Colleague: 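Input: one structure, supplied below.
The basis for the numbers below is simple: all heavy atoms, side chains too, and nothing from hydrogens, waters or symmetry mates. Whatever order the structure lists ligands and atoms in, that order sets their numbers, starting from 1. Everything numeric here is computed off the predicted structure, so don't read it as measured data.
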Amino acid sequence: MRRREFLQISAGSIAVTALRGIPQVPERPALRELAGAKNLLVGSAFSFAQMARPEMAALLAQQCSIMVCENELKWGPTQPERDRYEFEHADAMVVFAEAHGQKVRGHNLCWHQSNPAWLETTITPGNAAALLRQHILVVAGRYRGKIHSWDVVNEAIHLEDQNAGGLRNSVWLKNLGEGYIELAFRAAAEADPGAILTYNDFGMEHDAPDQERKRNAVLGLLRGLRARGAPVQALGIQSHLTAHLDPPRFHELHGFLKELGKMGLRVFITEMDVDDRDLPADVAKRDRMVAGLYRDYLRTVLAHDHVRAVLTWGLADRGTWLDAYHPRGDGQKKRPLPFDAELHAKPAFAAMCEAIAECPARSEERV
Ligand code: G3I
């Protein structure tokens, strides 16, 4: 039996056997059912390791209509050496999603992080365009027709670097200038003309001067790309939120989302989680405040028809990247996601269900 066939069978059987063992989710329709009724996609990032945990696989299959590989499609894992590509884990994860009728987001084709060591030492202004283009043609080409949307360029804006347009210092900007972004989108369109090509970034959600400046820089980037005819069709708003005793406000986000709609762009909430590092230690209180932020934020973004997908950055607290990012002062694990480490639904899950159940249905024409 060829490895690929083995992976296909194992991915499919993981979900089937585990569905029998899934922890009881409270008597609520699954997120994917609630969202499907509104022509909305809902899902989560997942890892190969999580997919191999039967009860986790079953919960992902039950709740999600769209998935994204947390790390397996980044440059480092897919092209560990200049002339070697690795797709075993990503292949199995795409098979898992297809086996469960789930769409797949690709993340990501061009970033300042998660690049393999060989790239940082090999790249020059003379070979950078070819390296970037080849990577995108190979990786996006491999999954042609299988990817709902690609995060083609991730986190290119970083105002603190004080470059023109607010662009972030990176191996790409250094070797190619700002044109690397358009190059990446054009290569992605060539590799997979059916995927929705997305620019993905963070730090533009809250009512705050720095986030307003970032929103304006992102709009400037998108308008420039569109003016040059670059094939960018969506913005990914990562939505890594931080809960505070005084809950953040999202009024300015409405204007931003309206501007994106006027440009004919779809919007995806791509990596939502709620960092509770500043909240009290009491778990019940923390969970309630985190749920309140899920509810407020989702009510805000789902009021806009062109918001077409909501993904959390993980479905359960176990293994969240946030535990390594500004750990809580009291040493407690963070509780940023809809399910706890034992896969029991939390108030944040109920908040997501309620926000999706009460939001207007998406109009069909933007499917
Ligand atoms: O797989 C290797 C393993 O072989 C090795 O032993 C281990 C120790 O070095 O590292 C493992 O790779 C780690 C990888 O996660 C898989 O666990 C990398 O070091 C680590 O840097 C990587 O962190 C990821 C991070 O992006 C950087 O790629 C996080 O899991 C992931 O949640 C985070 O996700 C990002 C999005 O891609 C973009 N938006 C922000 C978000 C949070 O930072």
Colleague: Looking at side-chain heavy atoms only, is the closest gap between Ile356 and Leu40 below 4.5 Å?
Modeller: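 With C-beta onward as the side chain, the pair touches.
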Colleague: Is it the case that the side chains of His244 and Asp278 hold a donor-acceptor pair, with the cut-off being a distance below 3.5 Å and no angle test?
Modeller: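 His244 and Asp278 do have a side-chain donor-acceptor pair below 3.5 Å.
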Colleague: So which heavy atom in the protein is nearest atom 32 (O) of ligand 1, and how far is it from that ligand atom?
Modeller: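 Heavy-atom neighbour on the protein nearest atom 32 (O) of ligand 1: Glu70 OE2, 2.5 Å.
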Colleague: Below 3.5 Å, N or O to N or O, backbone or side chain included: is there any such pair between Gln113 and ligand 1?
Modeller: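 No: no nitrogen or oxygen of Gln113 is under 3.5 Å from one in ligand 1.
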Colleague: Does the protein place any heavy atom closer than 4.0 Å to atom 37 (O) of ligand 1?
Modeller: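 Under 4.0 Å from atom 37 (O) of ligand 1, at least one protein heavy atom found.
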Colleague: Give a yes or no on whether atom 6 (O) of ligand 1 lies under 4.0 Å from any heavy atom of the protein.
Modeller: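 Looking at atom 6 (O) of ligand 1, one finds that no protein heavy atom lies closer than 4.0 Å.
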Colleague: Suppose we measure from atom 26 (O) of ligand 1 to each protein heavy atom; which comes out shortest, and what is that distance?
Modeller: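 The closest heavy atom on the protein side is Lys74 NZ, 2.9 Å.
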Colleague: With a 4.5 Å cut-off on side-chain heavy-atom distances among I, L, V, M, F, W and Y, is there a chain of contacts connecting Leu31 to Leu60?
Modeller: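 Cluster IDs for Leu31 and Leu60 match.
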Colleague: Kindly assign one of parallel, tilted or perpendicular to the pair His306 and His304, based on the angle between their ring planes and the thresholds 30° and 60°.
Modeller: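 Ring orientation, 0 to 90° scale: perpendicular.
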Colleague: Does the side chain of His112 pick up a donor-acceptor pair with the side chain of His158 at under 3.5 Å?
Modeller: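 Result is no, nothing qualifies.
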Colleague: Passes side chain to side chain donor-acceptor pair (under 3.5 Å), Glu155 versus Gln238? Steps please.
Modeller: CA-CA 10 Å; Glu155 303 175 7; Gln238 292 183 12; 2.9 Å; yes
Colleague: Hey, is the main chain of Ala156 close enough, under 3.5 Å, to the side chain of Tyr199 for a donor-acceptor pair?
Modeller: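 It does hold such a pair.
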Colleague: Less than 4.0 Å from atom 9 (O) of ligand 1, is there any heavy atom belonging to the protein?
Modeller: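 It does not: no protein heavy atom is found less than 4.0 Å away from atom 9 (O) of ligand 1.
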Colleague: Without swapping roles, check the side chain of Glu205 against the backbone of Ser239 for a donor-acceptor pair under 3.5 Å.
Modeller: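 Yes, because the side chain of Glu205 sits within donor-acceptor range (under 3.5 Å) of the backbone of Ser239.
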Colleague: Would you say atom 41 (C) of ligand 1 makes contact with the protein, given that contact here means a non-hydrogen protein atom less than 4.0 Å away?
Modeller: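 So far as the 4.0 Å threshold goes, atom 41 (C) of ligand 1 is in reach of a protein heavy atom.
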Colleague: Are there protein heavy-atom neighbours of atom 21 (O) of ligand 1 below 4.0 Å?
Modeller: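 Looking at atom 21 (O) of ligand 1, one finds that no protein heavy atom lies closer than 4.0 Å.
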Colleague: If we ignore angles and hydrogens, is there a donor and acceptor under 3.5 Å between the side chains of Trp313 and His240?
Modeller: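 No, no side-chain donor-acceptor pair sits under 3.5 Å.
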Colleague: Considering distance alone, does some N or O of His107 sit under 3.5 Å from an N or O of ligand 1?
Modeller: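 For ligand 1, there is an N or O atom that lies under 3.5 Å from one belonging to His107.
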Colleague: Are any side-chain N or O atoms of Arg328 and backbone N or O atoms of Asp276, one a donor and one an acceptor, separated by less than 3.5 Å?
Modeller: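 Yes, the answer is positive, given that a donor and an acceptor are paired below the 3.5 Å cut-off.
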Colleague: Would you verify that at least one protein heavy atom lies under 4.0 Å from atom 2 (C) of ligand 1, or report that none does?
Modeller: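 So far as the 4.0 Å threshold goes, atom 2 (C) of ligand 1 is out of reach of every protein heavy atom.
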Colleague: Would you mind running through ligand 1 and noting each atom that sits below 4.0 Å from a heavy atom of His240?
Modeller: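 Answer, ordered by atom number: 40 (C), 41 (C).
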Colleague: Short list, please: which atoms of ligand 1 are under 4.0 Å from a heavy atom of Glu155?
Modeller: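 Those qualifying, in numeric order: 38 (C), 39 (N), 40 (C).
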Colleague: Check the orientation of Phe339 and Phe349. Use parallel for under 30°, tilted for 30 to 60°, and perpendicular for over 60°.
Modeller: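 Judged by the thresholds at 30° and 60°, the geometry between Phe339 and Phe349 is tilted.
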Colleague: Give the numbers and elements of all ligand 1 atoms closer than 4.0 Å to a heavy atom of Glu271.
Modeller: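 Reading through ligand 1 atom by atom, the close ones are 36 (C), 38 (C), 39 (N), 40 (C), 41 (C).
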Colleague: By number and element, which atoms of ligand 1 are closer than 4.0 Å to a non-hydrogen atom of Gln238?
Modeller: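 Once the distances to Gln238 are compared, the set is 39 (N), 40 (C).
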Colleague: Among all the protein's heavy atoms, is there at least one whose distance to atom 12 (O) of ligand 1 comes out below 4.0 Å?
Modeller: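 Not a single protein heavy atom is under 4.0 Å away.
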Colleague: Please check atom 34 (O) of ligand 1 for a protein heavy-atom neighbour under 4.0 Å.
Modeller: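 Yes, there is a protein heavy atom closer to it than 4.0 Å.
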Colleague: Backbone, side chain, both or neither: what part of Trp313 comes under 4.0 angstrom of ligand 1, heavy atoms only?
Modeller: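 Side chain only; the backbone of Trp313 stays clear of ligand 1.
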Colleague: Where the closest heavy atom to atom 30 (O) of ligand 1 is concerned, which of Asn200, Val68, Asn71 has it?
Modeller: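 Looking at heavy atoms only, Asn71 sits closest to atom 30 (O) of ligand 1.
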Colleague: Would you say ligand 1 has an N or O under 3.5 Å from any N or O of Asn154?
Modeller: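 For ligand 1, there is no N or O atom that lies under 3.5 Å from one belonging to Asn154.
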Colleague: Quick check: does any side chain N or O of Ser65 sit under 3.5 Å from a backbone N or O of Val42, one acting as donor and the other as acceptor?
Modeller: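 Yes, because the side chain of Ser65 sits within donor-acceptor range (under 3.5 Å) of the backbone of Val42.
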Colleague: Could you tell me whether Trp111 approaches ligand 1 through its side chain, its backbone, both or neither, with non-hydrogen atoms closer than 4.0 Å?
Modeller: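 Near ligand 1, Trp111 shows its side chain, while the N, CA, C and O stay back.
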